[in-house]
Amino acid sequence: MRDATDIIEIFVQPGEYYVGDADCRIRTLLGSCVSITLWHPAKLIGAMSHFLLAARGGRPRVDLDGRYGEEALLLMLRDLARARVALAECQAKIFGGGDMFPKQRRADALNIGQKNGEAARRLLRSHGIPIVSESLFGVGHRQIIFDVASGDVWARQVEPVAACPLESRESA
């Protein structure tokens with residue numbers, strides 16, 4: 001059993017990804033962004049991304065950029081291959097894609113979170129990586145913790161709180 005002091009805590013910012021071993025616990029905070037976690041149960045190696053958009057669009061690709069789902073997955077797959085992890089033996093979990101401002105969206109507006117979540121599903125299927133769990137969409141943000149030693153991922157979804165109206169107050 002590991003001691004809590006032996007765990008390396010990693011926080012993945014938007015546009016970043018991380019690949020680590022059983023000594024790592026990887027965290028992130030997601031709104032409309034999506035996180036893909038990949039875990040190899042025998043080697044106890046895992047990866048987590050935090051991407052902002054499904055794809056780069058028409059812009060030319062010079063270097064891979066973790067801000068885009070397709071490229072974030074390629075970056076993780078590259079690093080996992082360096083660790084001799086067979087993709088077919090990995091398990092994937094997907095999180096995020098929340099609607100952060102449900103009352104402010106126009107009917108014709110794009111739902112970025114929905115597009116991100118659907119892209120993650122499509123990307124993993126195209127690489128033959130099984131999705132064993134997901135927590136996608138809904139309203140609000142998610143706090144994510146990925147324990148690479150066990151493969152467990154904890155997700156806590158938090159709905160937005162209505163802002164307090166401004167009131168005039170008199171001092172006593």
Side-chain angles (χ1 to χ4, degrees), residues 2-56 61 63-100 112-138 140-158:
R2 342 177 253 188
D3 185 315
T5 59
D6 296 335
I7 298 171
I8 301 166
E9 297 278 347
I10 305 295
F11 190 86
V12 177
Q13 298 284 349
E16 295 180 344
Y17 74 98
Y18 188 82
V19 176
D21 62 16
D23 293 334
C24 298
R25 185 175 293 147
I26 312 169
R27 301 171 176 265
T28 198
L29 184 65
L30 304 165
S32 60
C33 296
V34 165
S35 178
I36 294 173
T37 64
L38 300 174
W39 185 63
H40 192 285
K43 294 189 176 194
L44 302 182
I45 294 176
M48 177 191 272
S49 67
H50 180 149
F51 67 87
L52 291 81
L53 297 170
R56 196 185 289 236
R61 184 166 81 186
D63 292 322
L64 293 176
D65 188 332
R67 294 178 295 174
Y68 307 102
E70 180 179 5
E71 296 177 45
L73 182 59
L74 291 174
L75 287 164
M76 289 193 307
L77 297 180
R78 179 193 66 193
D79 285 4
L80 288 169
R82 287 181 185 151
R84 294 187 161 86
V85 171
L87 300 180
E89 297 170 1
C90 284
Q91 300 173 359
K93 297 179 182 180
I94 313 170
F95 303 91
D99 188 348
M100 297 304 296
I112 303 277
Q114 185 85 24
K115 289 184 177 295
N116 286 341
E118 290 170 1
R121 287 175 176 156
R122 194 172 44 255
L123 288 165
L124 290 164
R125 276 190 226 115
S126 73
H127 286 277
I129 302 170
I131 301 167
V132 297
S133 178
E134 64 179 45
S135 176
L136 290 170
F137 314 128
H141 72 275
R142 285 176 175 83
Q143 299 168 353
I144 309 295
I145 303 170
F146 175 24
D147 182 43
V148 179
S150 66
D152 292 334
V153 182
W154 297 279
R156 179 175 173 246
Q157 188 166 1
V158 181

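Heavy-atom basis, side chains included; hydrogens, waters and symmetry copies ignored. Counting from 1, the numbers follow the sequence of the chain as shown.
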Are [X] and [Y] close enough that some pair of their side-chain heavy atoms sits under 4.5 Å apart?
X    : Y    : value
C24  : Y18  : yes
V153 : I144 : yes
F51  : I36  : yes
L44  : W39  : yes

Could you tell me the separation between the [atom1] atom of [X] and the [atom2] atom of [Y], rounded to the nearest 0.5 Å?
X    : Y    : atom1 : atom2 : value
W154 : D147 : CH2   : CG    : 4.5 Å
I145 : D152 : CD1   : CG    : 11.0 Å
L29  : H50  : CG    : NE2   : 7.5 Å
Q157 : L30  : CD    : CG    : 10.5 Å
H127 : L77  : NE2   : CG    : 5.5 Å
S49  : I26  : OG    : CD1   : 10.0 Å

Between [X] and [Y], what is the shortest heavy-atom contact and its length?
X   : Y    : answer
V34 : G96  : CG2-C, 4.2 Å
R56 : L64  : NH2-C, 4.3 Å
A22 : V148 : N-CG1, 4.0 Å

So, does [X] use its side chain to make a donor-acceptor pair with the main chain of [Y] at under 3.5 Å?
X    : Y    : value
S32  : G98  : no
N116 : A54  : yes
R142 : S135 : yes

* **Test log, rule side-chain contact (heavy atoms from CB on, under 4.5 Å), inputs D6 and D23** => CA-CA 7 Å; D6 296 335; D23 293 334; 5.6 Å; no
* To do: With sequence neighbours left out, write down each residue that passes side-chain contact (heavy atoms from CB on, under 4.5 Å) with F137, or none if nothing qualifies.
  =>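 Here the qualifying residues are Q114, E118, R121.
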Less than 3.5 Å apart, which donor and acceptor atoms pair up between the side chains of residues 9-17 and the rest of the protein, not counting sequence neighbours?
{"residue": "E9", "atom": "OE1", "partner": "R27", "partner atom": "NE", "Å": "2.7"}
{"residue": "E9", "atom": "OE2", "partner": "R25", "partner atom": "NH1", "Å": "3.3"}
{"residue": "E16", "atom": "OE1", "partner": "Q13", "partner atom": "N", "Å": "2.8"}
{"residue": "Y17", "atom": "OH", "partner": "R78", "partner atom": "NH2", "Å": "3.1"}
{"residue": "Y17", "atom": "OH", "partner": "D79", "partner atom": "OD2", "Å": "2.9"}

* **Non-neighbouring partners of R84 that pass side chain to side chain donor-acceptor pair (under 3.5 Å), sequence neighbours left out** => none
* Listed partners of R156 passing side chain to side chain donor-acceptor pair (under 3.5 Å), at least two apart ->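 Per chain and number, R156 pairs via side chain to side chain donor-acceptor pair (under 3.5 Å) with Q143.
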Please set out all donor-acceptor pairs under 3.5 angstrom arising from side-chain atoms of residues 85-95, sequence neighbours excluded.
{"residue": "E89", "atom": "OE1", "partner": "H40", "partner atom": "NE2", "Å": "2.6"}
{"residue": "K93", "atom": "NZ", "partner": "G151", "partner atom": "O", "Å": "3.0"}

* **Where at least one partner belongs to residues 31-45, residue pairs that pass salt bridge (charged side-chain N to carboxylate O under 4.0 Å, His left out), sequence neighbours excluded** => none
